[in-house]
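Each remark here refers to the structure printed beneath this line.
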Amino acid sequence: MNCAHFDRLLGYPIPYGGNPGWGTNKSMPERYEPATFEPKWRQKWKEVDLFRTREDASRPKFYGLDFFPYPSGAGLSVGHCKNYVPTDVICRMKYMQGYNVLHPMGFDAFGLPAENEAIKRKRHPWPMIQEYGETYHRQMDLIGISYDWSRSFFSSEPSYYRWTQWLFKKLYEKDLAFRANAEVNWCPKDKTALANEEVVGGLCERCGTPVEKRAIPQWFFRITSYAQRLLDDLDDLNWPEGIKAMQRNWIGRSEGVEFEMRISGPGLGNGDHRVDLDSDSHAPNLTFRVFTTRIDTIFGMTFCVLAPEHPVVKTLLKHAPSDSAQAMEAYRAQAAALSDISRQAEGREKTGVFTGYHAINPATGKPVPIYLADYVLMGYGTGAIMAVPGGDQRDFDFATRYGIEIIPVGAPAIDRVEEVEALKAQGKAFESKDGVLINSGEYTGKSVSEAQQQLGEWIEALGIGERKVNYKLRDWLISRQRYWGCPIPVTYDKDGHQDPVPDDLLPVMLPDVENYEPTEDGRSPLAAIPDFVNTTGPDGTLARRETDTMGGFACSSWYFLRFCDPHNEESAWDKARADYWMPVDCYVGGAEHAVMHLLYARFWTKVFYDLGLVSVKEPFARLENQGQVLAMTPYRKPREGETLDVGDEGILISFAEAKEIPEEDLLWRWARMSKSKGNVVTPEEAVDQYGADALRVYELFVAPFDAEVQWSNEGMQGATRFLSRVFKLVSDNQARWKPGWKHSIESVSDPDALKIRRCTHQLILKVTQDVEKFAFNTAISSMMIFLNSVTDLLKSTDGSGELDIALSEALETVVLVLSPFAPFSADEIWTEMLGRTGFTYQSEWPQGDPELAKEDSVTIAVQVNGKLRGTFETSAGSTQSDLEASAKELGGVQAQLDGKTIRKVIVIPDKLVNIVAN
RNA sequence: GCCGGGGUGGCGGAAUGGUAGACGCGGCGGUCUCAAACACCGUUGAGCUCAAACUCAUGUGGGUUCGAGUCCCACCCCCGGCACCA
């Protein structure tokens, strides 16, 4: 168990920490003493505005960006730092390499989290969120993140949301923003509609409340028009596979056939002419459409299913005899009463009701019964299916329950029909696409793909349908019935006709009001503010404002463009400036935004591309997801009568409580740092105890960037020890330091000096390459190796002039490559110990020379039959025959070869000799 | 169920098909100290009761190869996402 952490949080004395008072010899610090210099550098960087963006046309650019954070009232934890520090390292290195670096930060201030917090605190959201943003800013400065704060903004500032509204209008003009009356997900706790992406398993993504369905007019963005492009362009993105897969899955493209089914039965066609002429269907030809990805199974269609909400059901109800109409009504009521979560509950028995009507299977010409069943969803495809129990497990389950005929239509091969019968006996359908058709008329014996092709053509020739691509993706619901968001810039005239607000009247200001609590009735609180609602339209007549606001994801769909040109008052951004900086070269944030922000931002960027506002089709060329930071968290075993939720191992308790209860009842678990778990370590605490550079180095070193980190005080001490060793190396060798080493470095020929140079250049090459790859842990490891090697070398060598020159190069280099990781320490050593002026940030990143980095002596592994039997040292570049000869001389090797005949010798130069013998 | 990522010492983790376990944490032994802490030095996969030598070791079982943590096939387990999507 992690006792040190436990003790600290309980307020016990800690073994090592708190501004130590030792070693006050300022000019020659022999260890990392952050309190003595970190505040000074923080101050100096600020004074000279060190991180101001450079836009120098002769240089290449690098745009490094972190996800747009909502500044929460709890402030940052060391967990958040794991996001910001790596981006900072790559940005700092790029700057030192001569790039113009754009590394901005701002705040996602509009939206539900801010508003809910404000309501809870009984404060107005605007001053509150500014305060929270300032806390974030201070904490980010504390850990030395190199943001250009002159470009910062809050998305709730009128100078920003004016352009959010302008961009909304651009979408509106292209018919990509529209208002529709739709059944939407309504969160009764947040009292607003939510986008599909914000509903997880039937629950509100933010507060976990089960969502309800409500029919309210809502604003949508037509993201479905871009479904194919959003899918196709994923291929070229340098993003984690998992995120790309989630987006592909969310877009949910499927290819199939959509066709028409004709209904027959009471009151409809087929010789029965008791049609109600007043109904909306005097419908001898009443039809519905079905979508299928398995048109090859059509011969096995033995029934059809309509979603209970399917519009054709209304018509059927009018014509059906009263008993079946009653059954249908009852089923529809039951389905409507079910929440999404219970309707989708796992392992739920399929239910349904026979409508009394039939449809004609176009392949067989036979009538099949039509059922209503809630396992068919109105929101996907046509809300109706052809059901093939022989080829689909769900249809199979339903058919079994309702005694419907099951015809097998697929088999592994035409002569293996009995295997399908065996499956059927087990209650399973043959769903595989690796097989051939059976019981399918003239298509029997054909492969699935062949039959799909030909049956698709047949349906089209018949004129009852066509091949079609379907997407799971739905339009993006953007309106929120809440106060704290960007007003939608639309007015309605007395006839309800929509008019976008003219550009010169933007922004539509969010009114400053005392009371903005959400309402129950599905209307925004803005609707109750007459001064806001009553306005005039573009023609000067009285008009009413739209009172819904935009969800926060609208604001965060273009902020990366505003950062390119944040103070522009004439336009959202200047195209030339956006063209210069875009795309974001490296975008860093958590994986939880996979199908929300990251999809929306891609969509808007594509729209802007089509409008000629930007020249990139994709906003984020490379994406990296950081791992989380976990902390040891106390739980206890459940007591009698207490039950645990599924997946829970114990009951969360406070650290204070953990001190009280007997140890055998305690359970320590790693859990994500969060305020509610009481296990948060703040950057202030970490910096106070260990220092900002130690925190940075620890989080970068302890695990790969994308892996979880288990917070440990021992690990922080390791980081401190490493930094101290850098100080010590420079301090121990200060007498040998030659500031002018560059003038004579090229003429160094002493073998020991060249060994030091080798270490130095191996270090440069490795760190440069690893930062590029986001392999910060191995980059720091290579610095540790460097320290170990140079320390050893210095022990075994005598001083010489050339050695001092090489050592000076080594010292200066290690400080420079350390700079992006531990910038405070680097600047301290740079000026106080090496006597340099300026900042390491403004110094040139060292160039690694692969020739100098090359080893001159190598260890050759000698194998006999693939097993290691010895090694020997030799100079690099030895000939194959020399290597072979030396290998055979090794004692251990000879013993293994005794009595055997050598069949073959494999020699890999500078690596290994493998002798094959038997 | 489907998709994605994984499984390597006591722990976090390294390893372009070529000496598995870099680097660190922890442990053990030592130096320093009155003592401790800090720091430093040495040692640390397992087995064979020292060592050498040898054997075994990267979730399991097969395969390709002179040689496999790495490539191929099958399976097991863990994490993340989606989930009645027709």
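None of these values were measured; they are calculated from a predicted model. Labels below follow one simple rule: chain letters A, B, ... track the order of the sequence lines, proteins then strands, and each chain is numbered from 1.
- A heavy atom closer than 4.0 Å to some atom of RNA chain B occurs in A/M784, A/I785, A/N788, these being the qualifying members of residues 782-789 of chain A.
- Contacts of A/D397 with the nucleic acid, taken as non-hydrogen atoms under 4.0 Å apart, are absent.
- For B/C82, the paired nucleotide is B/G1, the pair qualifying as Watson-Crick or G-U wobble because both relevant distances are below 3.5 Å.
- For the C1' atoms, the distance linking B/G12 with B/G6 amounts to 15 Å, nearest Å.
- The separation between A/K82 atom NZ and B/G12 atom C1' is 12 Å, rounded to whole Å.
- In summary, A/D235 and A/R248 engage in a salt bridge, as defined by a charged side-chain N under 4.0 Å from a carboxylate O.
- Ring geometry, A/Y371 versus A/Y402: the interplanar angle falls from 30° to 60°, so the pair is classed tilted.
- A close approach under 4.0 Å does not occur between any side-chain nitrogen or oxygen of A/N470 and OP1 or OP2 of B/A86.
- A/F722 has its ring centre no less than 6.0 Å from the ring centre of A/F701.
- In this structure, CG in A/L723 is found 5.0 Å from OG in A/S825, a value given to the nearest 0.5 Å.
- One finds no salt bridge joining A/K82 and A/E699 here, because no Lys/Arg side-chain nitrogen approaches an Asp/Glu carboxylate oxygen to under 4.0 Å.
- In terms of phosphate contacts, A/K867 brings no side-chain nitrogen or oxygen within less than 4.0 Å of OP1 or OP2 of B/A53.
- The phosphate of B/C25 has OP1 or OP2 within less than 4.0 Å of a side-chain N or O from A/R721.
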Atom pairs under 3.5 Å: protein N/O with N/O of nucleotides 62-66 of chain B:
unit_1 : atom_1 : unit_2 : atom_2 : d
B/C66  : O2'    : A/N914 : ND2    : 3.3
B/C66  : O2     : A/N914 : ND2    : 2.6

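- Contact annotation for A/T292: backbone-only contact, meaning every heavy-atom pair under 4.0 Å involves sugar-phosphate atoms and none involves a base.
- Using cut-offs of 30° and 60° for the angle between ring planes, the A/Y375 and A/F398 rings count as tilted.
- In this structure, A/R401 pairs ionically with A/E349, as a charged nitrogen and a carboxylate oxygen lie closer than 4.0 Å.
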Using nucleotides 1-4 of chain B, report all nitrogen or oxygen pairs with the protein that are shorter than 3.5 Å.
unit_1 : atom_1 : unit_2 : atom_2 : d
B/G4   : O2'    : A/G242 : N      : 3.3

